Amino acid sequence: MKKTFLILGAVVIFMASFSKADLAKEKTVLATATTTNHAAFQSNPGEKLINKSDCLGCHNKTNKIIGPAYVDIAKKYPATEKNINMLADKIIKGGTGVWGNMPMTAHATLKKDDAKLMVKYILSLKK
């Protein structure tokens, strides 16, 4: 019986050694690692801008949602300066008719340089 109490006491002391402060430190390290790993996957400035915008509501990198997939856009348009400017203008002004009847929402507050970075990223996905 004394051995049982001794073992239970040791287990309780062992469990108590894991304080909330240690758990908080572990959560902080895990959150930092997750953020760092996520940022590593978004090294392209155009991709970062896309992920911060509402683009992902209608577009996906590989699958058509409401609008075309980014890889399909990359297949259709060569990465020329003329196409980059035209597609950046389409992002800013909106449009319809190229990929179907569903209109693309205008993004009038988006800077032209940012729209061009987004387009360059999308066109870089051409396989």
Side-chain angles (χ1 to χ4, degrees):
M1 185 74 141
K2 290 181 183 180
K3 287 183 182 179
T4 304
F5 285 120
L6 183 62
I7 292 171
L8 282 174
V11 169
V12 168
I13 292 171
F14 177 75
M15 295 298 286
S17 69
F18 293 106
S19 69
K20 289 183 180 181
D22 291 338
L23 294 175
K25 286 179 187 176
E26 288 179 23
K27 287 180 182 178
T28 303
V29 169
L30 181 60
T32 303
T34 304
T35 303
T36 304
N37 288 341
H38 183 64
F41 291 116
Q42 295 183 17
S43 61
N44 187 294
E47 183 180 15
K48 288 179 185 177
L49 288 167
I50 287 171
N51 289 334
K52 289 179 184 178
S53 71
D54 64 346
C55 299
L56 298 176
C58 297
H59 298 277
N60 181 281
K61 189 173 185 177
T62 56
N63 300 314
K64 179 186 184 329
I65 300 179
I66 294 171
Y70 295 142
V71 293
D72 293 335
I73 296 168
K75 285 179 193 174
K76 184 170 184 152
Y77 298 101
T80 64
E81 199 61 36
K82 180 180 177 183
N83 285 338
I84 291 169
N85 282 316
M86 182 269 298
L87 292 171
D89 287 340
K90 186 170 284 265
I91 290 171
I92 294 168
K93 296 175 184 173
T96 188
V98 177
W99 297 92
N101 293 330
M102 181 63 76
M104 185 170 98
T105 307
H107 299 85
T109 59
L110 189 63
K111 296 177 186 173
K112 175 87 177 219
D113 288 339
D114 288 345
K116 287 173 78 170
L117 286 172
M118 295 163 94
V119 170
K120 286 177 183 178
Y121 165 72
I122 292 168
L123 297 183
S124 75
L125 300 174
K126 185 174 186 173
K127 294 180 180 179

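This is a predicted model, so every value here is computed, not measured.
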Write down the atom of [X], the atom of [Y], and the distance for their closest heavy-atom approach.
X: Cys55; Y: Met118; result: SG-CE, 3.6 Å
X: Leu117; Y: Pro45; result: CD1-CB, 4.4 Å
X: Leu125; Y: Tyr70; result: CD1-CB, 3.6 Å
X: Ile84; Y: Val119; result: CA-CG1, 3.8 Å

Gap separating the [atom1] atom of [X] from the [atom2] atom of [Y], nearest 0.5 angstrom:
X: Lys120; Y: Leu87; atom1: NZ; atom2: CG; answer: 12.5 Å
X: Asn60; Y: Ile66; atom1: CG; atom2: CD1; answer: 12.0 Å
X: Lys116; Y: Asp89; atom1: NZ; atom2: CG; answer: 9.0 Å
X: Ser53; Y: Asp114; atom1: OG; atom2: CG; answer: 10.0 Å
X: Glu47; Y: Ile122; atom1: CD; atom2: CD1; answer: 10.5 Å

(message) Quick check on Lys111: does its NZ atom have over 12 non-hydrogen neighbours (other residues, nucleotides or ligands) under 6.0 Å away?
(response)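 Incorrect, the count does not exceed 12.
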
(request) Flag yes if Leu56 and Tyr121 sit in one hydrophobic cluster, no otherwise; membership is Ile, Leu, Val, Met, Phe, Trp, Tyr, and two members link when side-chain heavy atoms are under 4.5 Å apart. (result)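 As far as the 4.5 Å side-chain criterion goes, Tyr121 and Leu56 are connected within one cluster.
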
(request) Give the cluster check for Ile50 versus Met86: same hydrophobic cluster or not, with ILVMFWY residues linked at side-chain heavy-atom distances below 4.5 Å. (result)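 Yes, Ile50 connects to Met86 through the hydrophobic network.
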
(message) Is the shortest side-chain heavy-atom distance between His107 and Asp54 below 4.5 Å?
(response)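 Yes, their side chains come closer than 4.5 Å.
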
(message) Is it the case that the side chain of His59 and the backbone of Pro68 share a donor-acceptor pair, with hydrogens and angles ignored and the cut-off at 3.5 Å?
(response)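 Confirmed, His59 side chain pairs with Pro68 backbone.
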
Just distance, no hydrogens or angles: give the donor-acceptor pairs under 3.5 Å from side chains in residues 73-80, sequence neighbours left out.
residue: Thr80; atom: OG1; partner: Asn83; partner atom: N; Å: 3.2
residue: Thr80; atom: OG1; partner: Asn83; partner atom: ND2; Å: 3.3

I'd like a table of donor-acceptor pairs (distance under 3.5 Å, sequence neighbours excluded) in which one partner is a side-chain atom from residues 93-106, with atom names and distances.
residue: Thr96; atom: OG1; partner: Asn101; partner atom: O; Å: 3.2

(request) Apply side-chain contact (heavy atoms from CB on, under 4.5 Å) to Leu49 and Leu110, showing your working. (result) CA-CA 10 Å; Leu49 288 167; Leu110 189 63; 5.8 Å; no

